[in-house]
Structure formats: C-alpha cells, structure tokens
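Reviewing the structure listed below.
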Amino acid sequence: MTYKTTYPYTGEVLQEYANATAEDLEKALTTGHALYKTWRGTPVSERAAILQKIADAIVAHKEELAKAMTYDMGKLLTEAEGEVDLCANIVSYYAQKGEEFMADTPLESPAGNAHYVKQSTGVIVAVEPWNFPLYQVVRVFAPNFIVGNPIILKHASICPKSAQLFADLVIEAGAPEGALTNLFIDYDLVAKAIHDPRVAGVCLTGSERGGAAVAKEAGEALKKSTLELGGNDAFIILDDADWDEVKAVAPGARLYNAGQVCTSSKRFIVLADKYDEFIDILKDAFSKAKVGDPMDPTTDVAPLSSKSAQEKLQKQVDTAVAGGATLVYSQDPIDGDGFFFQPTILTDITKDNPIYNQEMFGPVASVYKVDSEEEAIALANDSSYGLGNTIFSSDIDHAQRVAEQIETGMSFINSGWASLPELPFGGVKNSGYGRELSELGLNAFVNEHLIFEPTK
Ligand code: NAP
C-alpha cells in the first residue's frame with residue numbers, strides 16, 4: 001500500500017489507503033469523458049453557479065480541511081487555515097470571472113469575419129504535490145471546471161486524506177460525478193491515463209524528476225502538458241532598501257510552511273556593507289522561531305512533511321558544509337519521532353559547491369555576499385531554476401528595473417512570495433512551463449477554436 005497518512009509531528013501512521021486499480025481508472029475515464037461530452041452542450045453559467053457552491057462548502061468545512069492537511073503533511077494548523085481561505089477565494093474568483101474569461105474573442109482581419117471561441121478539450125490528469133494539499137488541486141480544478149474539462153487527480157502519496165476529503169466535498173456541493181475524481185494510482189497507471197485518447201492533457205506540480213517523467217509520457221502521447229516545478233528563488237536587497245521592511249519579511253519568506261514552498265526565498269543576496277547586519281537579523285529571528293507542535297498556534301515552524309524529506313535536507317546541509325559552506329546558524333536536532341528540522345543558515349557557498357544549484361526544501365537559508373547590484377543580478381540568474389524572486393528597494397522604479405533583468409516567472413517587490421487568484425503563477429527554465437491561476441491559468445487546456453468566413 002503506497003498511500004498513507006503519517007502524522008509528521010509524531011511519525012505515527014494514522015491511516016492507509018488501498019491503491020486504485022486499472023478498473024478504477026477505466027471507470028473514472030469513462031465517467032469523465034461522458035461528462036466532458038455533456039458539458040460541451042451546457043452553458044458556463046451553470047458550472048459557475050456550482051463552483052460558487054463549492055467555494056461556500058470550502059468555507060463551511062474549513063476546520064476539517066485544515067486539520068486533514070496538518071495530519072497529512074504536518075503544516076501549522078494556522079497556515080492550513082490560511083490555505084483554505086485562499087482556496088475558497090480562488091474557487092470563488094473563477095465562479096465570478098468564468099463567463100467573462102470564456103467569452104468569444106473577435107479578431108480583426110481584412111480578409112473576412114473571424115473570431116475564436118474557447119472550448120473544452122477533455123479529461124485532464126492532475127498530478128499534485130503535498131506541500132499545499134488543497135491549494136495545488138484548486139489551482140487546476142477551478143479553472144478547468146469552468147472550461148468544462150473534468151479532472152482525474154493523482155495526489156501525492158503522503159496526503160491521501162486531504163485529497164479524498166476535497167474530492168468528496170466537490171461532489172457533495174453539487175458537482176456532477178466525474179468533475180473531480182481522486183484516484184490512488186501508481187505511476188504506471190498515471191502513464192496509462194496520459195496515453196488514453198479520452199485524456200487531453202496533464203498538469204504536474206512537483207520535482208524536476210517527476211515533471212520530466214510525466215512530460216516524457218505526455219510527449220510520447222502528443223498530449224499538452226504544463227509543469228510547475230521547483231525553485232531556488234533569490235531575495236535581493238538593493239542599496240536603497242528599507243531595512244525595517246527587510247527585517248519584517250525576510251525570516252518568514254524562508255520559514256513559512258517550514259520552508260517547503262517552491263517560491264520560498266532560498267538565496268538571500270546582500271551587498272557587502274550590509275551583510276553582517278543581515279546575518280544578525282536572520283540569526284536573531286531564527287533563534288526565536290519556535291519549532292514544534294503544528295496544532296499549537298504559538299508554533300512558528302512545523303515539522304517537515306516526511307522522514308525522507310528530513311533525511312534529504314540533512315544530507316544536503318552536510319554536503320554543503322563538506323563542500324566548503326559555513327554553518328553560520330543551527331541548533332541541535334530535536335529529540336523525538338517527529339520530522340523536525342531546526343532553522344539553519346549557510347554562507348560561503350561557492351559555485352563549485354554541489355549545493356549551489358540545488359533546491360533545499362526546508363528551513364535552510366543560504367546567504368550570499370556581493371559587491372554590486374550587477375553581481376547580485378548575475379548571481380540571481382546563475383541558476384537552472386527561474387520560478388520567483390524578491391527585490392527590496394524603497395524606489396519602485398529601481399526595483400522594477402532590476403526585476404526585469406531577472407530570468408524568472410514572478411518577481412515580488414518589497415514582499416515575500418505571494419499567490420492570489422488573479423496573479424499568474426509559474427516559471428521558466430527548469431522551474432517548468434505554463435501558468436496557473438488568473439485568466440492565463442484558465443487558458444492552459446482550452447481549445448481556442450477559430451471560426452472564419454472569408455469576404456467574397
Ligand atoms: P514529486 O516527487 O515530483 O511529487 C509530486 C507529484 O508527482 C506527486 O503526486 C508524486 O506522486 C508524483 N510523481 C512523481 N513522479 C511521478 C511519476 N514518474 N509518474 C507519475 N507521478 C509522479 O515532488 P515533491 O518533491 O514531492 O514536491 C516538491 C517539489 O514540488 C519541490 O521541488 C517544489 O518546489 C515543487 N513545487 C512547485 C510548485 C510550483 O508551482 N512551481 C508548487 C509546489 C511545489 P508520489 O507522491 O506518489 O510520489
């Protein structure tokens with residue numbers, strides 16, 4: 001059995017789930033495909049009304065959804081509650097904007113009458129990660145519901161409780177059978193689904209390894225894919241930064257969700273004259289951050305999602321130090337069965353350090369000293385990733401000029417990373433391709449169907 005809820009605070013296995021079979025997949029494909037055909041003939045407004053009911057149901061089941069996420073992958077209950085609120089907003093956003101986003105688009109052509117209509121394409125397979133168990137699913141479910149693309153969900157094997165709870169809630173709120181089918185399938189069945197002619201595309205959020213495997217199947221099957229992968233986001237502090245703001249934002253930009261966010265600030269880039277001051281700020285905040293019980297509202301840093309995540313991160317820190325990095329701040333490991341990881345600061349990571357171009361998925365901050373803004377920009381860009389990036393400057397024009405020079409999908413000015421329904425989310429380079437959220441996210445698996453009548 002692969003799918004299980006193991007509570008990261010205690011290491012206890014709370015529930016195991018039987019794997020879905022090839023027959024389960026076939027049933028889901030049949031139901032999803034039939035729904036796709038039905039939805040081709042029904043107006044967007046009908047789905048928008050149901051979607052609003054789903055948003056309301058998310059709000060009504062907030063505590064249940066939040067607790068399921070905390071038990072599955074250990075996040076702070078307070079952060080899980082915030083995630084539920086955001087998800088309700090995303091679902092509501094698509095319920096309200098859906099009809100507008102799906103409207104016909106006239107085209108100017110001297111050759112005749114032309115416009116395109118946005119149409120659904122079929123069942124979409126969604127492969128999602130554990131770090132935001134609800135949000136990752138909602139990001140693809142809500143826009144595709146509006147479009148009329150049913151979803152088959154393959155969620156991470158460590159968050160089955162959250163996955164099933166949400167899938168049940170969608171149906172209870174009034175969505176038709178097949179709109180979102182959660183299946184506890186293995187990788188082979190994911191590949192089988194991608195190759196099935198009833199499936200129009202696949203989206204994956206996760207690692208480069210998982211992304212490459214799924215994109216390979218999609219390529220072979222000639223299916224469209226979108227990939228939301230890892231990041232090694234820079235946090236650049238320019239010479240005119242407001243240091244009160246830097247102090248308020250920097251620690252949380254690394255520690256939120258125990259540092260397990262694709263857009264966490266992972267590389268802090270600081271000018272030489274402010275470097276020592278910044279290290280002191282980070283050390284002070286990290287030493288005050290309380291690591292512990294995710295259900296306790298006074299806890300700041302939750303345990304990591306799994307034993308293997310804890311072991312992998314420790315190995316990366318050890319590798320960094322063996323490669324010449326300085327461990328500027330850490331504390332003794334916490335005793336017990338929970339998958340804790342103490343906030344850690346690394347410096348002196350040189351280009352030849354094996355960790356230089358690796359994402360560290362946990363509360364480990366890498367701090368780099370640079371002598372100029374040009375050097376800061378070059379360092380930020382010297383990464384195989386290009387997901388997000390943060391810039392601090394009290395001059396907005398200055399910040400925007402620097403932002404435009406970073407090879408990344410998203411830049412945040414004078415704030416840590418952010419995600420809102422109306423802001424497109426996604427990256428470049430090895431951080432993936434395609435966008436989720438906003439109108440761009442809704443277009444991911446749409447057929448922009450041209451209808452043209454030439455002038456005679
Ligand atoms: P992962 O191992 O790639 O897992 C993500 C999902 O892919 C899981 O459901 C996993 O299933 C599945 N999967 C992996 N290999 C597969 C294969 N060959 N065939 C079918 N499914 C496969 O990723 P992770 O390490 O758990 O997640 C963390 C990563 O996600 C980080 O790198 C993070 O930065 C990235 N992330 C990116 C974004 C973004 O929007 N760009 C957002 C959040 C997270 P199992 O659980 O069963 O292995």
Side-chain angles (χ1 to χ4, degrees), residues 1-6 17 19-20 25 72-73 75 83 125-140 152-160 162-163 182-195 202-218 220-221 225-233 256-266 304-306 308-313 316 357-362 383-389 408-410 417-419 423-437 441 444:
M1 201 166 316
T2 340
Y3 286 81
K4 57 175 93 146
T5 293
T6 305
Y17 298 76
N19 269 24
L25 174 60
D72 271 342
M73 50 67 69
K75 69 169 56 199
E83 183 174 340
V125 175
V127 183
E128 301 301 332
W130 45 264
N131 63 339
F132 291 95
L134 186 60
Y135 162 78
Q136 299 294 353
V137 177
V138 158
R139 284 201 322 191
V140 292
I152 290 184
L153 170 66
K154 182 265 176 275
H155 214 323
S157 49
I158 66 167
C159 58
S162 321
N182 174 50
L183 288 180
F184 296 132
I185 42 178
D186 61 19
Y187 294 176
D188 287 346
L189 285 182
V190 172
K192 190 176 161 64
I194 292 169
H195 284 265
V202 55
C203 52
L204 176 139
T205 296
S207 65
E208 288 161 276
R209 176 191 54 81
V214 161
K216 183 166 177 270
E217 298 297 341
E220 280 174 7
S225 60
T226 60
L227 297 180
E228 299 278 354
L229 308 179
N232 206 3
D233 290 10
Y256 186 86
N257 209 30
Q260 305 165 111
V261 186
C262 49
T263 45
S264 292
S265 297
K266 291 167 189 144
L304 296 186
S305 62
S306 65
S308 60
Q310 185 194 37
E311 287 170 355
K312 181 179 174 191
L313 190 60
Q316 285 181 303
N357 193 31
Q358 282 183 30
E359 178 186 42
M360 284 191 270
F361 220 51
S383 169
S384 60
Y385 295 105
L387 190 59
N389 141 67
T408 186
M410 298 170 279
W417 60 275
S419 180
L423 305 182
F425 198 106
V428 294
K429 302 202 246 183
N430 284 13
S431 294
Y433 48 82
R435 292 292 179 269
E436 291 182 352
L437 298 178

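Basis for what follows: all heavy atoms, side chains included, without hydrogens, waters or symmetry-related copies. When a ligand or atom number is given, it counts from 1 through the structure's own listing order. Position 1 is the first residue of the sequence, and the numbers go up from there.
- Nearest protein heavy-atom neighbour of atom 5 (C) of ligand 1: Thr205 O, 3.6 Å.
- Here Pro129 pairs with Asn131, Gln136, Thr205 under the side-chain contact (heavy atoms from CB on, under 4.5 Å) rule; sequence neighbours left out.
- Legend: residues meeting salt bridge (charged side-chain N to carboxylate O under 4.0 Å, His left out) with Lys192, ordered by chain and number and at least two apart, are absent.
- Polar contact with ligand 1: present for Lys154 (N/O pair, distance under 3.5 Å).
- Remark: the backbone N or O of Ser384 is paired with a side-chain donor or acceptor of Asn357 at under 3.5 angstrom.
- When each atom of ligand 1 is checked for a heavy atom of His155 under 4.0 Å away, the hits are 9 (O).
- For a threshold of 3.5 Å applied to N or O pairs, the pair formed by Glu128 and ligand 1 contains at least one separation below that value.
- The protein atom (non-hydrogen) at minimum distance from atom 34 (O) of ligand 1 is Glu359 OE2, 2.7 Å.
- Interface atoms of ligand 1 facing Leu387, defined by a heavy-atom separation under 4.0 Å, are 41 (N).
- Ranking the protein heavy atoms by distance from atom 7 (O) of ligand 1 puts Val127 CG1, 3.2 Å first.
- Side-chain N or O atoms of Glu359 include one that pairs as donor or acceptor with a backbone N or O of Gly231 at under 3.5 Å.
- Atom 35 (C) of ligand 1 has as its closest protein heavy atom Gly206 O, 3.3 Å.
- Checking Thr2 against Asn19 by side-chain atom types alone, a donor-acceptor pair falls below 3.5 Å.
- Considering both main-chain and side-chain atoms, Asn131 never comes within under 3.5 Å of ligand 1 through any nitrogen or oxygen pair.
- Listed by number with element, the atoms of ligand 1 under 4.0 Å from a non-hydrogen atom of Phe425 are 39 (C), 40 (O).
- Distance check: Glu208 CD to Lys429 NZ gives 12.0 Å after rounding to the nearest 0.5 Å.
- Distance remark: protein heavy atom present below 4.0 angstrom from atom 1 (P) of ligand 1.
- Counting heavy atoms under 4.0 Å from ligand 1, residue Leu229 touches it through the backbone alone.
- Contacts of Gln136 with ligand 1, taken as heavy-atom pairs under 4.0 Å, involve the side chain alone.
- Set against the non-hydrogen atoms of Val214, the atoms of ligand 1 under 4.0 Å away are 19 (N), 20 (C).
- Proximity of Arg139 to ligand 1, defined as any heavy-atom pair under 4.0 Å, is confined to the side chain (atoms from C-beta onward).
- Contact annotation for Glu208 and ligand 1: no heavy atom of the residue comes within less than 4.0 Å of the ligand.
- Among the atoms of Arg209, some N or O lies under 3.5 angstrom from an N or O of ligand 1.
- If you number the atoms of ligand 1 from 1 as listed, the ones under 4.0 Å from a heavy atom of Ser157 come out as 45 (P), 46 (O), 47 (O).
- A donor-acceptor contact closer than 3.5 angstrom links the side chains of Ser225 and Tyr433.
- The CG atom of Asp72 sits 12.0 Å away from the OH atom of Tyr3 when rounded to the nearest 0.5 Å.
- Of the heavy atoms in Cys262, both backbone and side-chain atoms come closer than 4.0 Å to ligand 1.
- What sits closest to atom 18 (N) of ligand 1 on the protein, heavy atoms only, is Ala213 CB, 3.3 Å.
- At distances below 3.5 Å, at least one donor-acceptor pair connects side-chain atoms of His155 with backbone N or O atoms of Pro133.
- Proximity of Phe361 to ligand 1, defined as any heavy-atom pair under 4.0 Å, is confined to the side chain (atoms from C-beta onward).
- Looking only at protein heavy atoms, the nearest one to atom 3 (O) of ligand 1 is Ser207 OG, 2.6 Å.
- When the options Tyr135, Trp130, Tyr187, Phe184 are ranked by their closest heavy atom to atom 16 (C) of ligand 1, first place goes to Tyr187.
- Within the 3.5 Å criterion, the main-chain N or O of Gly388 finds a donor-acceptor partner in the side chain of Asp233.
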